[in-house]
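Written below as structure tokens is the structure these notes are about.
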Amino acid sequence: MNVIPFRRLGVARWTCIGACLSGGFALSVLAGTTGVAGAHNASALSQAKKELLVLSDMPKGWKSSKSSNDNSSFPGAAQLASCLGVPTSVITDNPPSANSPEFDSKNQLQSVDDSVSVYPSAKAARADFASLANSNTPSCLTKVLNGTAKSALVAQFGPNASVGNITVSRFPATALALHNANFVAFMPVTTQGVTLNVELIVVDFVRATVEQTVTMTSVQNPFPTSLAKHLSTVASGRL
């Protein structure tokens, strides 16, 4: 089963799933910045692209393919912002971003994506990071993904698909690189009479004006903790 549609939903670096549940990564300059600020962002993005995960960071036998990232917005933005107690603009902000390819395991049951975004200020980057680190994020996401955002999510899997109850919690902080914000989402997806359990781990880091988001997806079995630790550590070390 292709689980990319969940990444298209736009959940952390919230407008990204379009990017965040994100895939396939080519340099993409968004938000129409121009002039001096645009030149600064282009330079920052050029550097940020060098910080992305690459195929050699993955286990032997993994493959890379073009990202399916379409940078679509999060459909429950207003409800999520209200639940978190932050301005809607924090959820809908769509800064210039650079994306890695999508990386897939040999059996196609695990995938990894990486993206970096360059904000106009460190304050803006920290605000987005803080929305993910918010203590209410797991419960708010559980509420919105099972409510306002669910129809958009289900539609991405096709007309005959259904998605059961989605639960969102935290991935153990000690199992990832230090100074991260994260969540892990679980959902059962049924299509063509087959139900598969999907796990999505989103790990976020911030430094100055740059925010990095690593997304790890697994079907049926949990994503390997040792691999999550390795990839988050490599990503954090390059930021």
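Here the closest non-hydrogen pair linking Val168 and Ala185 is CG2-CB, 4.0 Å. Across Thr225 and Ala175, no two heavy atoms sit closer than the pair CG2-CB, 3.7 Å. Residues Val214 and Ala235 share a closest heavy-atom pair of CG2-CB, 3.7 Å. In plain terms, the two heavy atoms of Pro188 and Thr195 that are nearest each other are CB-CG2, 4.0 Å. Taking all atoms of both residues into account, the shortest heavy-atom contact from Thr217 to Phe223 is O-CD1, 3.7 Å. Between Val112 and Trp62, the shortest heavy-atom contact is CG2-CZ3, 3.7 Å.
For Arg207, the salt bridge (charged side-chain N to carboxylate O under 4.0 Å, His left out) partners at least two apart in sequence or on another chain are Glu51.
A salt bridge between Asp114 and Arg238 is absent, with no side-chain N of the basic residue lying under 4.0 Å from a carboxylate O of the acidic one.
With Thr213 as reference, Asp204 is the one residue of Asn182, Asp113, Asp204 to meet the side-chain hydrogen bond (donor to acceptor under 3.5 Å, both in side chains) rule. Considering Asn197, Leu145, Leu153 as possible partners of Met187, the one that fulfils the side chain to side chain contact (heavy atoms under 4.5 Å, CB included) test is Leu153.
When atom types are taken as modelled, the side chain of Ser105 and the backbone of Gln110 share a donor-acceptor pair closer than 3.5 angstrom. Under a 3.5 Å cut-off, the side chain of Asn134 and the backbone N or O of Leu84 do form a donor-acceptor pair. Between the Ser236 side chain and the Thr233 main chain, no donor and acceptor come within less than 3.5 Å of each other. Judged by distance alone, with hydrogens and angles left aside, the side-chain atoms of Lys63 form no donor-acceptor pair with the main-chain N or O of Asp104 at under 3.5 Å. Judged by distance alone, with hydrogens and angles left aside, the side-chain atoms of His230 form no donor-acceptor pair with the main-chain N or O of Pro59 at under 3.5 Å.
Cluster membership check: Val203 does not share its hydrophobic cluster with Val54, using side-chain heavy-atom separations under 4.5 Å among Ile, Leu, Val, Met, Phe, Trp and Tyr. Put simply, Val163 and Phe183 are part of the same group of oily side chains (I, L, V, M, F, W, Y) that touch within less than 4.5 Å, one to the next. Under a hydrophobic clustering in which Ile, Leu, Val, Met, Phe, Trp and Tyr are joined whenever their side-chain heavy atoms come within less than 4.5 Å, directly or via other members, Val116 and Leu231 fall into the same cluster.
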Original post:
Could you go step by step and tell me if Thr167 and Thr142 meet the side chain to side chain donor-acceptor pair (under 3.5 Å) rule?
Top reply: CA-CA 5 Å; Thr167 60; Thr142 298; over 6 Å; no

**OP:** Show your working on side chain to side chain contact (heavy atoms under 4.5 Å, CB included) between Phe205 and Ser232 and close with a plain yes or no.
**Re:** CA-CA 9 Å; Phe205 305 94; Ser232 62; 4.0 Å; yes

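For the residue pair Ser97/Ser117, the side-chain donor-acceptor check at 3.5 Å is satisfied.
Other residues, nucleotides and ligands place more than 12 heavy atoms under 6.0 Å from the NZ atom of Lys150.
Using a 4.5 Å heavy-atom threshold, the side chains of Ser65 and Phe103 count as separate. Residues Ser131 and Val90 have side chains in contact (heavy-atom distance under 4.5 Å, counting atoms from C-beta outward). Side-chain atoms of Val184 and Leu200, non-hydrogen and from C-beta on, never get closer than 4.5 Å to each other.
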